[in-house]
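Data block below; observations after.
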Amino acid sequence: MTASAAPVTESTGTGDSRFLWFRISPIDRRRLGNFRANKRGFWATIIFVPIFVLSLFAEFIANDKPLFIWYDGKPHVPVVFTYAETVFGGEFELEADYTDPFVIELIEEKGWILYPLIRFSYDTIDFDLTEPAPSAPDSRHWLGTDDQARDVVARVIYGFRVSMLFGLTLTIISSIIGVMAGAVQGYFGGWTDLLFQRFIEIWSGLPILYLLIIMASVITPGFFPLLGLMLLFSWMGLVGVVRAEFLRARNFDYVRAARALGATNAVIMYRHVLPNAMVATFTFMPFILSGSVTLLTSLDFLGFGLPPGSASLGELLAQGKANLQAPWLALTGFVVIAVMLSLLVFIGEAVRDAFDPRKLFVGAPAAEDALAEAAAEPAPASGRGDD
């Protein structure tokens with residue numbers, strides 16, 4: 001007979017089968033079930049992830065350059081490549097201004113133009129406003145313009161992307177540093193832990209916001225300089241949690257057995273103790289992300305964040321404060337930031353429930369049964385025939 005490895009499906013109790021569940025271990029299955037059982041966090045993820053993915057392609061949604069141009073039998077993609085005005089029959093060797101009626105007329109004589117949904121970038125100034133800036137929302141500018149005649153919708157899309165990319169980068173790098181610091185403290189203990197704790201107490205006692213303001217006013221503001229400044233202080237968020245987990249697990253029997261078998265400290269920390277600490281790390285990361293976004297917004301609001309002219313949600317709030325006669329600026333900034341942070345907090349709550357061993361979604365096996373099921377699972381078929 002020949003052994004065949006058929007995919008196993010499992011009923012969820014609702015009359016249908018989930019084909020992909022045969023590849024997921026019982027523990028991970030319980031975590032996914034707990035995550036989905038948190039309806040608020042689950043729907044927040046469904047809403048947030050597509051919005052973030054779309055914001056990554058902001059240039060194709062809001063731009064003052066066309067998405068595609070067919071001119072004289074040849075394709076052109078101005079949103080990706082730069083074309084001189086002479087390419088379309090103009091007179092200047094400079095980049096073509098696709099908002100100029102003369103350039104548009106030249107292109108339409110021998111072709112056609114495909115524009116993005118929003119025909120303004122975050123720094124595009126609309127010189128054709130019928131009223132002084134900031135102008136009220138209308139069919140041309142769905143959320144109006146700011147005090148420099150720039151489209152608010154475009155600035156919101158680009159500002160959301162900048163905030164999320166900044167927050168994600170800061171969260172990932174600071175989490176790596178914090179996990180490494182906490183692991184060294186907790187595993188070695190003794191003087192290493194004592195001296196490191198005293199250093200963290202002094203470092204965390206510094207007025208972080210004031211130091212960031214002072215340093216941001218000295219150096220040239222920018223994405224990466226600001227990221228480096230925030231990394232100096234944001235890495236301490238996970239140190240205490242990881243340190244406690246390593247202090248608890250370093251004297252467990254399996255750690256002593258690995259040490260007796262000759263495993264190095266690095267191997268024990270990485271393969272045996274770190275997986276336990278990563279549960280708490282993943283639980284806290286969404287909340288660290290929301291804190292990072294809030295900190296960037298605060299600095300931009302105070303004028304010590306990203307360079308002037310950058311797409312920033314904090315700068316939009318500052319404009320709303322300075323232009324009380326244009327309430328759409330403050331309302332737009334408040335709603336976008338409030339919704340974004342609320343979604344991140346809801347996702348964080350769902351992740352916390354997913355890694356909480358005390359929570360059990362309806363229809364899931366108990367923890368002991370899940371472990372027993374995992375141990376009883378047969379090894380995957382090798383694909384060779386057996387007689």
Side-chain angles (χ1 to χ4, degrees), residues 4-54 164 167-168 171-172 175-176 178-179 182 237-238 240-242 244-246 248-249 252 254 270-293 339-381:
S4 60
V8 179
T9 61
E10 180 172 329
S11 177
T12 60
T14 59
D16 59 337
S17 299
R18 304 301 184 190
F19 179 78
L20 294 178
W21 280 64
F22 78 106
R23 291 184 179 274
I24 303 177
S25 67
I27 298 298
D28 292 335
R29 191 182 311 166
R30 179 183 61 81
R31 290 173 177 171
L32 288 176
N34 285 340
F35 184 87
R36 296 189 62 179
N38 190 318
K39 298 299 183 182
R40 187 169 57 186
F42 176 74
W43 284 108
T45 306
I46 296 298
I47 296 172
F48 179 81
V49 172
I51 294 176
F52 175 64
V53 173
L54 286 176
M164 288 309 306
L168 284 172
T171 300
I172 293 173
S175 297
I176 293 174
V179 168
L238 290 174
V241 178
V242 177
E245 187 63 36
F246 271 76
R248 184 179 68 89
F252 282 177
Y254 66 88
Y270 178 74
R271 297 189 59 183
H272 300 288
V273 186
L274 182 60
N276 296 328
M278 291 306 295
V279 173
T281 300
F282 288 133
T283 302
F284 278 93
M285 283 184 69
F287 302 102
I288 298 176
L289 173 59
S290 61
S292 302
V293 173
V339 171
M340 176 176 60
L341 295 180
S342 298
L343 293 177
L344 289 176
V345 170
F346 294 158
I347 295 173
E349 292 176 351
V351 173
R352 181 186 60 194
D353 291 346
F355 286 96
D356 189 351
R358 296 169 298 178
K359 286 188 176 291
L360 201 66
F361 75 101
V362 178
E368 295 80 2
D369 297 339
L371 291 174
E373 182 182 349
E377 284 185 350

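Values in this document were obtained by computation on a predicted structure and should not be read as measured data.
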Stepwise side chain to side chain contact (heavy atoms under 4.5 Å, CB included) test for Val279 and Arg31
CA-CA 11 Å; Val279 173; Arg31 290 173 177 171; 4.0 Å; yes
For Tyr270, does the OH atom have more than 12 heavy-atom neighbours from other residues, nucleotides or ligands under 6.0 Å away?
no
Looking only at heavy atoms, what is the nearest atom pair of Gly167 and Val293, with distance?
CA-CG2, 4.3 Å
Which atoms form the tightest heavy-atom contact between Gly41 and Ala350, and what is the distance?
CA-CB, 3.7 Å
Nearest heavy-atom neighbours spanning Gly182 and Phe246:
O-CB, 4.5 Å
For the CD1 atom of Ile51 and the CG atom of Leu343, what is their distance to the nearest 0.5 Å?
6.5 Å
If you round to the nearest 0.5 Å, how far is CZ of Phe48 from CE of Met340?
7.5 Å
Counting only heavy atoms not in Phe35, do more than 12 fall under 6.0 Å of its CZ?
yes
Does a side-chain heavy-atom distance below 4.5 Å link Val351 with Pro286?
yes
Gap separating the CZ atom of Phe346 from the CD1 atom of Ile47, nearest 0.5 angstrom:
9.5 Å
Pairwise distance CE(Met285) to CE(Met278) - rounded to 0.5 angstrom:
7.0 Å
Minimal heavy-atom distance between Gly348 and Phe287, with the atoms involved, is C-CZ, 3.6 Å
Heavy-atom pair of closest approach, residues Leu168 and Phe52:
CD1-CZ, 3.5 Å
For Asp353 and Asn34, does a side-chain donor sit closer than 3.5 Å to a side-chain acceptor?
no
Looking at every heavy atom in both Thr171 and Ser175, which two are closest together, and how far apart are they?
O-OG, 2.6 Å
Identified side chain to side chain contact (heavy atoms under 4.5 Å, CB included) counterpart of Thr281 within the set Ile288, Val242, Ile176
Val242
Taken to the nearest 0.5 Å, the spacing of Arg352 CZ from Asn38 CG works out to 8.0 Å
Considering only heavy atoms from C-beta outward, does the side chain of Met164 approach that of Leu289 to under 4.5 Å?
yes
